[in-house]
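All values derive from a computational prediction rather than experimental measurement.
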Amino acid sequence: MGARPSVFTEQELDDYQTLTYLTKKEILHVHKRFCSLDSGNEEYSKKQKNPKLDHNKVMELPELKVNPFKDQIMKVFSSAKDGMTFEDFLDMMSVFSDSAPKPVKVEYAFRIYDFDSDDMISSADLKQVINRLTGEENALNEEQMQQLIDNILEEADLDDDDSLSFAEFEHVISKAPDFVSSFRIRL
């Protein structure tokens with residue numbers, strides 16, 4: 001019984017392993033999972049080293065489908081506006097894997113919550129985070145929303161500039177022991 005040929009050379013797998021928090025076996029599994037999202041074109045994708053999928057196809061991944069931040073996740077991890085390459089997907093799966101260290105997860109969480117990409121989490125960013133977490137059926141009224149944002153900033157905004165820098169965000173997350181377990185996707 002021979003091994004099934006891989007689309008990747010041993011050197012490419014070594015490189016991917018060096019650049020991610022995944023094993024070679026996990027990398028091959030991620031590639032298979034990525035290709036399976038390309039319904040109707042799966043065989044073509046399997047033969048390509050770095051195929052690209054439309055964001056909507058990637059968001060069909062069960063873990064992303066229900067994630068209120070799926071569009072932000074696509075924005076943060078995609079190198080192209082119109083889709084996600086396998087390497088983008090591999091980076092995403094690596095960061096969301098159990099093997100990724102907490103500081104890496106915190107960095108990407110910050111980028112996902114920074115809706116306007118200004119390297120700060122402002123009141124407007126916090127409002128979007130809260131709205132997405134509570135959902136339309138549990139939406140807060142303006143007064144409740146402002147009170148919650150004020151409470152968050154009171155606790156976390158150490159320099160009183162009405163926004164959270166990465167260092168302030170990291171400090172708050174360090175107090176959340178369950179953060180790492182909630183910031184993951186099954187491989």
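Residues Tyr16 and Thr20 approach most closely at O-OG1, 2.8 Å, considering heavy atoms. Listed here is the closest heavy atom pair of Lys52 and Asp82: NZ-OD1, 2.9 Å. Shortest non-hydrogen contact noted between Ala139 and Thr134 is CA-OG1, 4.2 Å. The minimum heavy-atom distance linking Met120 with Ser163 is given by the pair CE-OG, 3.0 Å. The nearest pair of heavy atoms linking Met93 to Leu22 is O-CD2, 4.4 Å.
Within the 4.5 Å cutoff, the side chain of Glu26 has no heavy atoms near those of the Tyr21 side chain. Inter-residue side-chain proximity for Val7 and Glu12 is flagged as unmet; no heavy-atom pair is nearer than 4.5 Å. Side-chain contact check for Glu107 versus Val95: every heavy-atom pair is 4.5 Å or farther apart. Ser117 has its side chain within reach of Lys75: a pair of non-hydrogen atoms, C-beta onward, lies under 4.5 Å apart. No side-chain heavy atom of Leu164 sits less than 4.5 Å from a side-chain heavy atom of Val172. Proximity of Arg111 to Asp114: side-chain heavy atoms (C-beta onward) are nowhere separated by under 4.5 Å. The closest side-chain heavy-atom distance from Ser165 to Glu168 is below 4.5 Å. When side chains are defined from C-beta on, Phe110 counts as touching Ile121, because their heavy atoms get closer than 4.5 Å.
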Problem set entry | Full working for side-chain contact (heavy atoms from CB on, under 4.5 Å) between Asp150 and Glu154 | CA-CA 6 Å; Asp150 289 346; Glu154 176 72 29; over 6 Å; no
Exercise. Does the side-chain contact (heavy atoms from CB on, under 4.5 Å) test come out yes or no for Gln128 and Asn131, once each step is laid out?
Worked result: CA-CA 5 Å; Gln128 286 200 55; Asn131 279 333; 5.7 Å; no
Exercise. Checking side-chain contact (heavy atoms from CB on, under 4.5 Å) for the pair Leu28/Leu13: CA distance, chi angles, key distance, verdict?
Worked result: CA-CA 8 Å; Leu28 292 171; Leu13 281 174; 4.0 Å; yes
Problem set entry | Audit row: Leu53, Phe89, side-chain contact (heavy atoms from CB on, under 4.5 Å) steps and yes/no | CA-CA 10 Å; Leu53 293 179; Phe89 188 76; over 6 Å; no
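Under the 30°/60° scheme for interplanar angles, the aromatic rings of Phe8 and His31 are found to stand perpendicular.
When only modelled atom types and interatomic distance are considered, Ser94 and Asp91 share no side-chain donor-acceptor pair under 3.5 Å. Using modelled atom types and a 3.5 Å distance limit, the side chains of Tyr113 and Gln72 yield no donor-acceptor pair. There is a side-chain donor-acceptor pair under 3.5 Å between Gln147 and Asn151.
By the salt bridge (Lys or Arg N to Asp or Glu O under 4.0 Å) test, Lys81 pairs with no residue at all, sequence neighbours left out. For the salt bridge (Lys or Arg N to Asp or Glu O under 4.0 Å) test, residues two or more places apart in sequence or in another chain that qualify with Glu10 are Lys24. Every residue two or more places apart in sequence or in another chain that forms a side chain to side chain contact (heavy atoms under 4.5 Å, CB included) with Asn56 is listed here: Asp54, Met59. Here Lys127 pairs with Glu142 under the salt bridge (Lys or Arg N to Asp or Glu O under 4.0 Å) rule; sequence neighbours left out. Listed by chain and number, the residues in a side-chain hydrogen bond (donor to acceptor under 3.5 Å, both in side chains) with Asp15 are Gln11 (sequence neighbours excluded). In this structure Glu170 satisfies the salt bridge (Lys or Arg N to Asp or Glu O under 4.0 Å) test with no other residue, sequence neighbours excluded.
Within 6.0 Å of CD on Gln144 lie more than 12 heavy atoms contributed by other residues, nucleotides or ligands.
Ring centers of Tyr108 and Phe96: at least 6.0 Å apart, outside the cut-off.
Remark: side-chain polar atoms of Lys57 are not paired, donor with acceptor, to backbone N or O of Asp38 under 3.5 angstrom.
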